[in-house]
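Proteins get letters first, then strands, A, B, ... in listed order; numbering begins at 1 in each.
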Protein chains: 2
Amino acid sequence: MKLTSKGRYAVMALVDLARFNNINPVSLRDISLRQGISLDYLEQIFSKLRKKEIVQSVRGTQGGYVLNKKAKEIKLTNIFDAVDEKVKTVQCKKDSKKGCNGKATKCLTHNLWDELENHINNFFDEKSLEDLVKDNFERRV
Amino acid sequence: MKLTSKGRYAVMALVDLARFNNINPVSLRDISLRQGISLDYLEQIFSKLRKKEIVQSVRGTQGGYVLNKKAKEIKLTNIFDAVDEKVKTVQCKKDSKKGCNGKATKCLTHNLWDELENHINNFFDEKSLEDLVKDNFERRV
DNA sequence: AGATACTTGACTATTTTAGTCAGGTTTATA
DNA sequence: TATAAACCTGACTAAAATAGTCAAGTATCT
């Protein structure tokens, strides 16, 4: 089980963005330079973040991106969701009423994966962008 | 982020094994049939489980596998570890003394991924094979 | 007008996953 | 002792996912 770069980059970029947010739109170019992430890749990522209304874009010179909500209201869940980084533990198809994979009963470990999924999602639900920025600021002092 | 089949299969197979453990060695063929996992793939998985001393093999006719420890003492951590299913969140190389990726400071989200890793591992550390077998038995009653 | 920066979609190399396949070795039992 | 059940090992591979790149725009500030 591995977290993908896309998810990590999205979070890194948003933390970077959040730190400068109050002043001006932040250009992807700046984020790219500061965080060492390819500009083209960032564009893909921000396109998704925009569609999910996590950021707003400002076109033209001096343009860039701005948070679309307060940092406090942006949870990790939202970010991962936007870039299609879902936690997925169970493959069992749920269409058959009670069982997994067409069998009559749930597979031996069905509940386990459900629990795990909840456990991880709880973590993501609780952490907000604001938390991350704060944590970062404090470490630096 | 996705759990791979190898990890899921390993856990499923061990739960299956644990249920019959007290009587006789359980053959992979039986597990394969009951759980719908390819025999060849199971062999790969059990080879790893054996090397990490989670199971013991009994060769020859009527042979199979037996748990090498009490179900209570086998934690999910051990299982995932054995089949190389580690939770890996951070890519940052740790060799540079304080920073990530050769930079002077930790990357903006370093602590976050560490926390997440711990959060997930806590879950794995606490769940034992026994818990899973019990949970399964209770559901069935 | 020109530069900056967003926007979109197609393309691709690499890696990982999820197995398969082939050819063993060991041992209980008929 | 022959044979079949079952473990054991390593090499191979198709398919999917990942991590990007590339190209060709469009919008807007100065």
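In this structure, CG of B:Leu42 is placed 16 Å from P of D:dT9, rounded to the nearest angstrom. Across the protein-nucleic acid pair, B:Ile37 atom CD1 and C:dT17 atom C1' stand 15 Å apart, rounded to whole Å. The separation between B:Arg29 atom CZ and D:dA4 atom P is 14 Å, rounded to whole Å. In this structure, the CD atom of A:Gln62 is 11 Å from the P atom of C:dC6, given to the nearest Å. Atom-to-atom, NZ of B:Lys2 to C1' of C:dT17 comes out at 8 Å; the value is rounded to the nearest Å. Counting to the nearest Å, the C1' atom of D:dT9 and the CG atom of B:Leu39 are 14 Å from each other. As a whole-Å value, the separation of A:Glu43 CD from C:dA5 P is 11 Å.
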### Task
Step by step, work out the side chain to side chain contact (heavy atoms under 4.5 Å, CB included) result for A:Ile31 and A:Tyr65.
CA-CA 10 Å; A:Ile31 297 180; A:Tyr65 284 92; over 6 Å; no
### Message
The test is side-chain hydrogen bond (donor to acceptor under 3.5 Å, both in side chains); show your working for A:Asp16 and A:Gln35 and say whether it passes.
### Response
CA-CA 8 Å; A:Asp16 186 310; A:Gln35 304 304 328; 2.6 Å; yes
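For B:Thr61 and C:dT29, the shortest distance from a side-chain N or O to OP1 or OP2 is not below 4.0 Å. Not one side-chain nitrogen or oxygen of B:Ser27 sits closer than 4.0 Å to the OP1 or OP2 atom of D:dC7. Of the side-chain N and O atoms in B:Ser5, one or more sit less than 4.0 angstrom from OP1 or OP2 of C:dA18. Taking only side-chain nitrogens and oxygens, B:Ser57 comes nearer than 4.0 Å to OP1 or OP2 of D:dC8. For B:Tyr9, a side-chain nitrogen or oxygen approaches OP1 or OP2 of C:dG19 to under 4.0 Å. When the side-chain nitrogen and oxygen atoms of B:Arg50 are compared with OP1 and OP2 of D:dC8, one or more of them lie within a distance under 4.0 Å. Side-chain N/O atoms of B:Tyr65 include one lying less than 4.0 angstrom from OP1 or OP2 on D:dC8.
Along DNA chain D, the nucleotide nearest A:Thr4 and the nucleotide nearest A:Gly60 are compared for position; the residue whose nucleotide lies closer to the 5' end is A:Thr4. The 5' end of DNA chain D is approached more closely, in terms of each residue's nearest nucleotide, by A:Tyr41 than by the other of A:Val58 and A:Tyr41.
Within the 4.5 Å cutoff, the side chain of A:Leu76 has heavy atoms near those of the B:Leu112 side chain.
Of the charged side-chain nitrogens involved, none lies within less than 4.0 Å of a carboxylate oxygen, so that B:Asp125 and B:Lys75 do not count as a salt-bridged pair. Of the charged side-chain nitrogens involved, at least one lies within less than 4.0 Å of a carboxylate oxygen, so that B:Glu115 and A:Lys127 count as a salt-bridged pair. The pair B:Glu85-B:Arg8 fails the salt-bridge criterion, with no side-chain N (NZ, NE, NH1 or NH2) lying under 4.0 Å from an Asp/Glu carboxylate O.
At its two ends the helix from C:dA1-D:dT30 to C:dA30-D:dT1 runs along axes set 10° apart, each axis drawn from five pairs and the angle rounded to 10°.
At a cut-off of 3.5 angstrom, the base of C:dT7 holds no donor-acceptor pair with the side chain of A:Gln44. Side-chain N/O atoms of B:Arg59 and base N/O atoms of C:dT25 include a donor-acceptor pair closer than 3.5 Å.
In this structure, of C:dT20, D:dT9, D:dC22, it is C:dT20 that holds the atom nearest to the side chain of B:Ser38. Which of C:dT8, C:dT17, D:dA19 sits closest to the side chain of A:Ser47 comes down to C:dT8.
For the atom pair CD1 (B:Ile54) and CG (B:Leu17), the distance works out to 11.0 Å, reported to the nearest 0.5 Å.
Using a 30° and 60° split on the angle between ring planes, A:Phe123 and B:His119 fall in the tilted class, from 30° to 60°.
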